[in-house]
Amino acid sequence: MALSGKGQGPALVPGRDCGSCSLCCILPDIAEFDKPANEPCRHCLPGGGCDAYDVRPSTCRDFYCLWRTDPTLGDEWAPRLSRMMMYGQGPQLTVLVESDAGAIWREAPYLDWLEARARLLKPMGGYVVVYAGEEVSVVKG
């Protein structure tokens with residue numbers, strides 16, 4: 001994840017916004033809200049947005065999916081289109097897939113990119129892990 005400077009958070013790609021996407025409020029578990037994975041946060045509004053936006057915890061405040069921060073990702077990776085949300089944690093890349101999107105991550109162009117990213121992360125001890133519903137897969141690079 002690129003940082004825009006100390007204490008300023010991640011650098012965002014110009015022209016990319018969340019719009020009506022709220023996958024980050026649905027797919028991950030959020031401990032502060034006792035929210036399990038693959039269920040909407042109780043603060044998530046239909047059509048996007050958050051009714052606790054001004055008082056949201058730092059977990060939410062500091063989070064931007066990889067598509068918002070990585071200019072090398074094409075429009076096909078927009079979460080609304082790909083039905084996936086990605087984020088980095090050190091040398092690990094985590095991919096969360098909408099439950100009803102099945103194995104979309106195994107299709108072109110996604111799998112090739114994920115395999116290439118896994119090869120890039122491997123020398124650093126990293127890997128790519130995909131959570132698709134109840135299925136967990138490590139992408140081989």
Side-chain angles (χ1 to χ4, degrees), residues 1-107 109-141:
M1 179 182 301
L3 295 179
S4 60
K6 187 174 182 175
Q8 295 178 7
L12 300 178
V13 177
R16 291 187 182 173
D17 60 35
C18 299
S20 62
C21 180
S22 55
L23 289 183
C24 64
C25 301
I26 299 168
L27 299 179
D29 63 291
I30 302 174
E32 289 88 344
F33 295 131
D34 195 28
K35 188 201 95 51
N38 300 312
E39 292 186 18
C41 172
R42 67 179 177 266
H43 297 288
C44 185
L45 298 171
C50 173
D51 70 7
Y53 189 81
D54 292 334
V55 294
R56 68 197 188 281
S58 62
T59 299
C60 300
R61 187 176 304 277
D62 299 338
F63 181 81
Y64 291 96
C65 73
L66 196 62
W67 184 75
R68 295 281 317 270
T69 62
D70 186 343
T72 67
L73 291 175
D75 289 339
E76 70 276 10
W77 284 101
R80 288 182 298 267
L81 298 175
S82 68
R83 303 182 69 194
M84 293 179 261
M85 181 191 82
M86 299 187 294
Y87 60 93
Q89 292 177 294
Q92 175 183 319
L93 176 67
T94 300
V95 182
L96 304 179
V97 183
E98 284 186 60
S99 295
D100 62 352
I104 193 170
W105 67 273
R106 296 181 190 266
E107 299 173 9
Y110 306 117
L111 184 57
D112 288 343
W113 187 91
L114 292 170
E115 289 174 337
R117 184 58 64 107
R119 286 190 297 276
L120 189 69
L121 294 173
K122 190 173 184 177
M124 297 175 272
Y127 55 95
V128 175
V129 63
V130 178
Y131 296 88
E134 298 297 318
E135 179 186 339
V136 179
S137 303
V138 176
V139 177
K140 304 291 183 194

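Note that these values count all heavy atoms, side chains included, but never hydrogens, waters or copies made by symmetry. In what follows, residues are counted from 1 in the order of the sequence shown.
Scanning both residues, Leu66 and Leu93, for their nearest heavy atoms gives CD2-CD1, 3.7 Å. The minimum heavy-atom distance linking Leu23 with Pro28 is given by the pair O-CD, 3.5 Å. Counting all heavy atoms, side chain and backbone alike, Leu96 lies closest to Leu27 at O-CD1, 3.5 Å.
Asp54 is linked by a salt bridge (charged side-chain N to carboxylate O under 4.0 Å, His left out) to nothing, counting only residues two or more places apart in sequence or in another chain. Scanning for side chain to side chain contact (heavy atoms under 4.5 Å, CB included) contacts around Ser22 gives Cys25, Ile26, Cys44, with sequence neighbours left out. Every residue meeting the salt bridge (charged side-chain N to carboxylate O under 4.0 Å, His left out) condition with Arg117, not counting sequence neighbours, appears here in chain and number order: Asp70. With sequence neighbours left out, the ring pair (Phe, Tyr, Trp, His ring centres under 6.0 Å) criterion links Tyr127 to no other residue. In this structure Arg106 satisfies the salt bridge (charged side-chain N to carboxylate O under 4.0 Å, His left out) test together with Glu135, sequence neighbours excluded. With sequence neighbours excluded, the residues that form a ring pair (Phe, Tyr, Trp, His ring centres under 6.0 Å) with Tyr110 are Trp77. Legend: residues meeting salt bridge (charged side-chain N to carboxylate O under 4.0 Å, His left out) with Glu115, ordered by chain and number and at least two apart, are absent.
Counting only residues at least two apart or in different chains, ring pair (Phe, Tyr, Trp, His ring centres under 6.0 Å) contacts with residues 27-47 comprise Phe33-His43. For residues 73-84, every residue pair satisfying the salt bridge (Lys or Arg N to Asp or Glu O under 4.0 Å) rule, not counting sequence neighbours, is listed here: Arg83-Glu98, Arg83-Asp100. Among pairs with a residue in residues 39-50, none fulfils salt bridge (Lys or Arg N to Asp or Glu O under 4.0 Å), at least two apart in sequence or across chains. Sequence neighbours left out, not one pair with a member in residues 25-36 passes salt bridge (Lys or Arg N to Asp or Glu O under 4.0 Å). Applying the salt bridge (Lys or Arg N to Asp or Glu O under 4.0 Å) rule to pairs touching residues 12-24 yields nothing, sequence neighbours excluded.
Once rounded to the nearest 0.5 Å, the distance linking OG1 of Thr72 with CH2 of Trp113 reads 6.5 Å. To the nearest 0.5 Å, atoms SG (Cys41) and CG (Asp51) are separated by 8.0 Å. If you take CG on Leu121 and CE on Met124, they are separated by 4.5 Å, rounding to the nearest 0.5 Å. Rounded to the nearest 0.5 Å, atoms OH (Tyr64) and SG (Cys18) are 7.5 Å apart.
Two residues are said to be in side-chain contact when any heavy atoms from C-beta on lie closer than 4.5 Å; Val13 and Leu73 fail this criterion. Residues Ser82 and Trp67 fail the side-chain proximity criterion, which asks for heavy atoms closer than 4.5 Å. Within the 4.5 Å cutoff, the side chain of Thr69 has no heavy atoms near those of the Tyr87 side chain. Within the 4.5 Å cutoff, no side-chain heavy atoms of Val95 are placed close to those of Tyr131. When side chains are defined from C-beta on, Cys65 counts as touching Pro79, because their heavy atoms get closer than 4.5 Å.
At most 12 heavy atoms of other shown residues, nucleotides or ligands fall within 6.0 angstrom of atom CD in Glu134.
For Arg68 (side chain) and Leu12 (main-chain N/O), no donor-acceptor pair under 3.5 Å exists by modelled atom type.
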